[in-house]
Structure formats: structure tokens, C-alpha cells
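For reference, the structure discussed in these notes is given below.
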Amino acid sequence: YTETSATVKNKAAAGVAAGPTIYLKGVTINPSANTCHVKIYDGSSNGGILIYEQKCLDGEMYQEYIAAVGIKAQNGLFVELVAGTTSVAVIWQ
């Protein structure tokens, strides 16, 4: 995702959030500044439940894999690039 925010969408229905129940399994963050900030919500907007947040302070790419089944999101995923982020890759199932 390279927009300021985006809803994770399934391949068949480009305008519909993936889900309803999916699991966040990993995140790769590409910063555009020395500090960056990313939030991921359970829901279709940043008004959903915050399930993941990462702040990078060194300007380096950050990658994290979430063990076991991942983080459950019952209403799809919404990715918000809060500041200083070029893109985010999300692994979900």
C-alpha cells in the first residue's frame, strides 16, 4: 500500500474488504524518513479496533512475521500510513 491509508481487498472483489474474518500474518514497512509510523485496524477504516502498530526510528526497512495463526481481524484489515512511510506489505490469510 502506498496511499495514506487503504483497505485490504480480495482479488475477486476489488471494492470489498477482504474477510470478514482474516488473520494478519506479517508486515514489511518501507520508510520514507528516519521515523515512520504504521497502524493496522480490524475494520474498514481507522475507526476500527487497533490490532497492530509499529513506529520505526532508524529509517531502515522493518519486517515482522507473526507466529502461529496471526492476529485475528473479524471485520477485514485497514492499513493506515500515519507518517514517514513509503509503503507497507501485509501478509494475511
Side-chain angles (χ1 to χ4, degrees):
Y1 298 96
T2 57
E3 300 173 11
T4 55
S5 59
T7 300
V8 175
K9 297 174 176 66
N10 63 27
K11 184 176 178 180
V16 179
T21 301
I22 60 177
Y23 295 87
L24 177 64
K25 299 253 187 176
V27 177
T28 300
I29 300 170
N30 294 306
S32 61
N34 284 339
T35 60
C36 70
H37 188 185
V38 173
K39 293 181 180 181
I40 300 177
Y41 298 88
D42 176 351
S44 60
S45 72
N46 61 0
I49 298 168
L50 182 65
I51 60 170
Y52 183 90
E53 181 174 21
Q54 183 63 44
K55 294 179 181 178
C56 302
L57 303 176
D58 58 6
E60 298 292 324
M61 183 183 82
Y62 176 81
Q63 193 168 46
E64 179 175 10
Y65 294 101
I66 300 163
V69 297
I71 301 172
K72 185 177 183 179
Q74 295 184 13
N75 302 296
L77 291 177
F78 183 83
V79 180
E80 180 181 14
L81 308 184
V82 180
T85 307
T86 299
S87 65
V88 174
V90 177
I91 299 170
W92 57 276
Q93 179 178 7

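Taking both residues in full, the closest heavy atoms of Ile40 and Leu50 are given as O-CD1, 3.6 Å, listed atom of the first, atom of the second, then distance. Nearest heavy-atom pair, Tyr23 versus Val69, reported as atom, atom and distance to 0.1 Å: CB-O, 3.4 Å. Counting all heavy atoms, side chain and backbone alike, Cys56 lies closest to Tyr62 at SG-CB, 3.6 Å. Contact between Asp42 and Lys72 at its shortest, heavy atoms only, is OD2-O, 4.3 Å. For Ile66 against Gly26, the heavy-atom pair with the smallest separation is CD1-N, 4.2 Å.
Taken from CD1 in Ile51 to OH in Tyr41, the straight-line distance is 11.0 Å, to the nearest 0.5 Å. Expressed to the nearest 0.5 Å, how far CD of Gln63 lies from OG1 of Thr28 amounts to 3.5 Å. Between Glu60 atom CD and Asn30 atom CG the span is 11.0 Å, to the nearest 0.5 Å. For the atom pair CD1 (Ile71) and CG (Leu24), the distance works out to 5.0 Å, reported to the nearest 0.5 Å.
Ile91 and Tyr52 fall into different hydrophobic clusters, where Ile, Leu, Val, Met, Phe, Trp and Tyr side chains are chained together by heavy-atom contacts under 4.5 Å.
Looking at His37 and Glu80, their side chains never bring a donor and an acceptor atom within 3.5 Å of each other.
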Between Val79 and Val27, does a side-chain contact (heavy atoms from CB on, under 4.5 Å) hold up when you go through it step by step? CA-CA 10 Å; Val79 180; Val27 177; over 6 Å; no
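Judged by distance alone, the side chain of Thr85 and the main-chain N or O of Pro31 form no donor-acceptor pair under 3.5 Å.
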